[in-house]
2 protein chains.
Amino acid sequence: MRELHHPTRDSISLPQVLHALSDPIRLCIAAQLDCRGDLPCGTFCETAAKSTMSHHFKVLRLAGVITQRNEGTSCFNTLRRDDLEARFPGLLDAILRAAEEL
Amino acid sequence: MRELHHPTRDSISLPQVLHALSDPIRLCIAAQLDCRGDLPCGTFCETAAKSTMSHHFKVLRLAGVITQRNEGTSCFNTLRRDDLEARFPGLLDAILRAAEEL
DNA sequence: TTCATTGTTCGATAACAATCGAACAATGAA
DNA sequence: TTCATTGTTCGATTGTTATCGAACAATGAA
């Protein structure tokens, strides 16, 4: 299985993070990871195709919002809280809090 | 001159706000309005065409990030701080603070 | 080995977004 | 009235994004 690329903390870009979280599906993924902890990709597929979800996870990963690690046949996702907090203090919390109001 | 539409405070949508601010030019516009106060559209045109800038201001307005008012031949822009703070507490500040680091 | 599970990748399509120049509209000054 | 200033709108182009289904890959269980 191929290595998954993750941006370093310092190379996380604000516009890219905002763009990643400006999609309702991806915002929902981040919110779920926030309140329920690490989860495999399959947990989220409601109505969208698997390939669609895979795409959204990739966007979040490349933007530096989540890390992904393969475990068996699953792919676990983790919010990069510490990295985001260090790079953009208060940003993730503000967005997740705002996302609750939906 | 046509009436400019502005969304009500309650109808401001988080994904739309994040999308509006995920563009570097629009993020820069918001940052300038934040630190320099209300400014006419013309203040910002660096390299982009007038029509391009006009488009970006419209995106910010329709997302609820700014208000626009015509004064003479100019169009003044104002950050909707209070509305954004009421709807999404801490969000705008966090984004603007993060944007300084560029 | 065979099969089910879980994701990823690929190719296609359709929708959306950024950009530009040209034409237009509104204002205010000469 | 005429002109310069300031923006907006329109149409076109180019590029990006979201979405799907089909094919593929990796793992682990039977």
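Throughout, a chain's letter reflects where its sequence line sits, starting with A, and its residues are numbered from 1. What you see is a predicted model, and the numbers here were worked out from it, not measured in a lab.
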For nucleotides 16-18 of chain D, tabulate all protein N/O to nucleotide N/O atom pairs closer than 3.5 Å, reporting atom names and distance.
{"from": "dA18(D)", "atom 1": "OP1", "to": "Arg26(A)", "atom 2": "NH1", "distance (Å)": "3.1"}
{"from": "dA18(D)", "atom 1": "OP1", "to": "Arg26(A)", "atom 2": "NH2", "distance (Å)": "3.0"}
{"from": "dA18(D)", "atom 1": "OP2", "to": "Arg26(A)", "atom 2": "NH1", "distance (Å)": "3.3"}
{"from": "dA18(D)", "atom 1": "OP2", "to": "His55(A)", "atom 2": "NE2", "distance (Å)": "2.9"}

For this session: Dump the intermediate steps for salt bridge (Lys or Arg N to Asp or Glu O under 4.0 Å) on Asp38(B) and Arg69(B), then the final yes or no.
Result: CA-CA 10 Å; Asp38(B) 297 9; Arg69(B) 65 178 189 285; 3.5 Å; yes
Exercise. Contact class for Ser54(A) vs. all strands (heavy atom < 4.0 Å): base, sugar-phosphate, or nothing?
Worked result: base
Problem set entry | With Arg26(B), the side-chain contact (heavy atoms from CB on, under 4.5 Å) member among Val65(B), Ile66(B), Leu60(B) | Leu60(B)
Exercise. Any chance the side chains of Ser51(A) and Ser54(A) put a donor and an acceptor closer than 3.5 Å?
Worked result: no
For this session: Please report, rounded to the nearest Å, how far the P atom of dG7(D) is from the CG atom of Leu39(B).
Result: 11 Å
Exercise. Of all the nucleotides listed (dC20(C), dT9(D), dT9(C)), which has the minimum atom distance to the side chain of Ala48(B)?
Worked result: dC20(C)
Exercise. Stems in DNA chain D: runs of 3 or more consecutive Watson-Crick or G-U pairs, distances under 3.5 Å?
Worked result: C:1-30 with D:1-30
Exercise. In terms of side-chain heavy atoms of Lys50(B), which of dT6(D), dT9(C), dT6(C) is nearest?
Worked result: dT6(D)
Exercise. Side-chain contact, heavy-atom cut-off 4.5 Å: Leu84(B) with Leu91(B)?
Worked result: no
For this session: For Leu4(B), check side-chain contact (heavy atoms from CB on, under 4.5 Å) against everything at least two apart and list the hits.
Result: His6(B), Arg61(B), Gln68(B), Asn70(B)
Exercise. What's the CG-P distance between Leu62(B) and dT9(D), to the nearest Å?
Worked result: 10 Å
Exercise. Should Pro15(A) and Leu27(B) count as side-chain neighbours, where that means a heavy-atom distance under 4.5 Å?
Worked result: yes
Exercise. How close or far is atom C1' of dG7(C) from atom CZ of Arg61(A), stated in whole angstroms?
Worked result: 12 Å
Exercise. What about Ser51(A): does its side chain form a donor-acceptor pair under 3.5 Å with the base of dG21(D)?
Worked result: yes
Problem set entry | Side chain to side chain, Ile12(A) and Phe88(A), heavy atoms closer than 4.5 Å | yes
Exercise. Quick one: Lys58(B) NZ to dG7(D) C1', roughly how many Å, whole number?
Worked result: 13 Å
Problem set entry | Note, Cys41(B) side chain near Cys75(B) side chain (heavy atom, < 4.5 Å) | yes
